[in-house]
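Excluded from the calculations below are hydrogen atoms, water molecules and symmetry mates; all remaining heavy atoms, backbone and side chain alike, are included. Order of the sequence lines sets the chain letters (A, B, ...), proteins ahead of strands, with each chain counted from 1.
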2 protein chains.
Amino acid sequence: MELDDTDRAILRILMEDARTPFSEIARQIDMSSATVHDRVGRMEDAGVIEGYHASVDAREVGLGTSALVGFRVKQGHEKEALQQLRDIEGVQEIHLTTGEWDVILRIYAEDTDALRELMFDHVAELKGFSRSQTMVILGTEYDDPVLPIQDPDDEG
Amino acid sequence: MELDDTDRAILRILMEDARTPFSEIARQIDMSSATVHDRVGRMEDAGVIEGYHASVDAREVGLGTSALVGFRVKQGHEKEALQQLRDIEGVQEIHLTTGEWDVILRIYAEDTDALRELMFDHVAELKGFSRSQTMVILGTEYDDPVLPIQDPDDEG
DNA sequence: GTTGAAAAAATATTGAG
DNA sequence: CTCAATATTTTTTCAAC
């Protein structure tokens, strides 16, 4: 889908606060709310907007520990390997990467004990991986939900 | 803040779709929408709900490349090092970690060329880091915006 | 805490330029 | 594509349990 500056302005506002009323978005970008409605609907249909999600403090819901885990996958075992990772409880993101690891996942757990248990119970038994490394997240210094969208004309 | 099962049920729904009408949430959890309104408000005030954000397909807004970058920070340079990372355009998340790296960040860029430029222009000039490694994300296999909240009584 | 009902506000739709 | 006006739905408030 072809996006113009108006679309990008709407996206910036909705990434910042997904519950901003269309009337308020309209005011900010100086258009009618019917236009905002129309554009948002088209961006949803086109998959530009994938969804709207509440951001919840993980500690408040008993998930005090989070980690990044890197894996090396054995040749030919990619598919089954990934499926196994998906099935581990608490796994939130799975990325295929270049560099030291083939796969890096992000996992949440109640505490370091629960995380260790997860790693022993599940990860240790996985087939198709040659090695892994767990990087516990001690703290998140910065986490911006807004992508740095640029208007195509202004060079940043 | 002390959360009960009703609060957690509401959170699950809002993490899945932050724009679910309160009336619909009320129907699902079998309470009135006034109650949902009240509980959501209290969770927002308490910081349990940090915000509501639209999830946007990064490729559609010209950010086709994403990477994880690990850093080793020199003793005593932690503060200035982190501030420098924050200021790099496209940096979305900064995590302090155990293991091979002290800091791992997530960065978005237009393409691999733009990413390489960012790394050369900014990262290479950073003070206080002893080494770094870029892990380009070739693809994201799985990305779940819903935290695996458990009710305290059912053991998972 | 929770509720139902009323009031206020927002969103969805329509028809036309 | 955009708008103004209308219809519908949702959010918000509030007296009462």
Side-chain angles (χ1 to χ4, degrees), chain A residues 1-57 59-62 145-147 149-154, chain B residues 1-57 59-62 145-147 149-154:
Chain A
M1 179 183 179
E2 191 77 19
L3 300 176
D4 63 18
D5 289 358
T6 302
D7 292 321
R8 281 185 284 270
I10 293 171
L11 289 178
R12 276 191 215 99
I13 295 168
L14 288 176
M15 284 192 287
E16 194 76 52
D17 181 0
R19 291 176 37 150
T20 310
F22 289 0
S23 56
E24 169 62 18
I25 299 174
R27 196 190 58 71
Q28 286 187 36
I29 66 173
D30 203 37
M31 289 201 171
S32 76
S33 52
T35 297
V36 175
H37 177 259
D38 183 64
R39 284 170 177 263
V40 168
R42 271 187 293 116
M43 289 193 284
E44 286 173 354
D45 292 344
V48 175
I49 296 174
E50 297 168 331
Y52 306 94
H53 308 288
S55 167
V56 171
D57 187 331
R59 288 163 305 185
E60 293 272 11
V61 293
V146 182
L147 294 175
I149 306 180
Q150 282 176 25
D151 295 332
D153 41 313
D154 54 69
Chain B
M1 177 182 179
E2 191 75 19
L3 300 176
D4 63 17
D5 289 359
T6 302
D7 292 322
R8 280 185 284 271
I10 293 171
L11 288 178
R12 275 190 215 98
I13 295 168
L14 288 177
M15 283 192 287
E16 194 77 52
D17 182 359
R19 293 182 27 156
T20 310
F22 289 0
S23 56
E24 169 62 18
I25 299 175
R27 197 190 58 71
Q28 287 187 36
I29 67 173
D30 204 38
M31 291 201 171
S32 76
S33 51
T35 297
V36 175
H37 178 257
D38 182 63
R39 283 170 177 265
V40 169
R42 271 187 293 116
M43 289 194 283
E44 287 173 352
D45 292 345
V48 175
I49 297 175
E50 298 168 331
Y52 306 94
H53 307 287
S55 167
V56 171
D57 187 330
R59 289 163 304 187
E60 294 271 10
V61 292
V146 183
L147 294 174
I149 304 181
Q150 283 176 25
D151 294 332
D153 41 311
D154 54 70

Subject >> Non-neighbouring partners of A:Arg19 that pass salt bridge (Lys or Arg N to Asp or Glu O under 4.0 Å), sequence neighbours left out >> reply: none

**OP:** To the nearest 0.5 angstrom, please state how far the CD atom of B:Glu60 sits from the CG atom of A:Leu11.
**Re:** 9.5 Å

Subject >> nucleotides 10-17 of chain C: protein proximity per nucleotide (B base, S sugar-phosphate only, - neither; heavy atom, under 4.0 Å) >> reply: SSSB----

Subject >> A:Ser23 OG to A:Gln28 CD distance, which is reported to the nearest 0.5 Å >> reply: 10.0 Å

Subject >> Spacing of CZ belonging to A:Phe22 relative to CD1 belonging to A:Ile13, to within rounding of 0.5 Å >> reply: 11.0 Å

Original post:
Quick one: does B:His53's side chain have a donor or acceptor within less than 3.5 Å of a partner on A:Pro145's backbone?
Top reply: no

Subject >> Stepwise salt bridge (charged side-chain N to carboxylate O under 4.0 Å, His left out) check, B:Arg12 with B:Asp151 >> reply: CA-CA 11 Å; B:Arg12 275 190 215 98; B:Asp151 294 332; 3.1 Å; yes

Subject >> Pairwise salt bridge (charged side-chain N to carboxylate O under 4.0 Å, His left out) hits with a residue in residues 35-46 of chain B, at least two apart >> reply: B:Asp4-B:Arg39, B:Asp7-B:Arg39, B:Asp38-B:Arg42

Subject >> N/O donor-acceptor pair under 3.5 Å between B:Arg8 side chain and B:Ile149 backbone >> reply: no

Original post:
How large an angle, rounded to 10°, do the end axes of the helix from C:dG1-D:dC17 to C:dG17-D:dC1 enclose when each is built from five base pairs?
Top reply: 30°

Subject >> Interatomic spacing from OG1 in B:Thr6 to CG in B:Asp30 - rounded to 0.5 Å >> reply: 10.0 Å

Original post:
First and last nucleotide of DNA chain D touching chain B, 5' to 3', heavy-atom cut-off 4.0 Å?
Top reply: D:dT10 to D:dT13

Original post:
Would you call B:Tyr52 and A:Thr20 a side-chain contact if the rule is heavy atoms closer than 4.5 Å?
Top reply: no

Subject >> Heavy-atom side-chain proximity of B:Asp57 to A:Ile49 below 4.5 angstrom >> reply: no

**OP:** Verify the contact: side-chain N or O of B:Ser32 to OP1 or OP2 of C:dG4, cut-off strictly under 4.0 Å; return yes or no.
**Re:** no

**OP:** With rounding to the nearest 0.5 Å, note down the distance linking CE in B:Met15 to OG in A:Ser55.
**Re:** 9.5 Å

Subject >> Members of residues 39-55 of chain B that approach DNA chain C, where some heavy atom sits under 4.0 Å away >> reply: B:Arg39

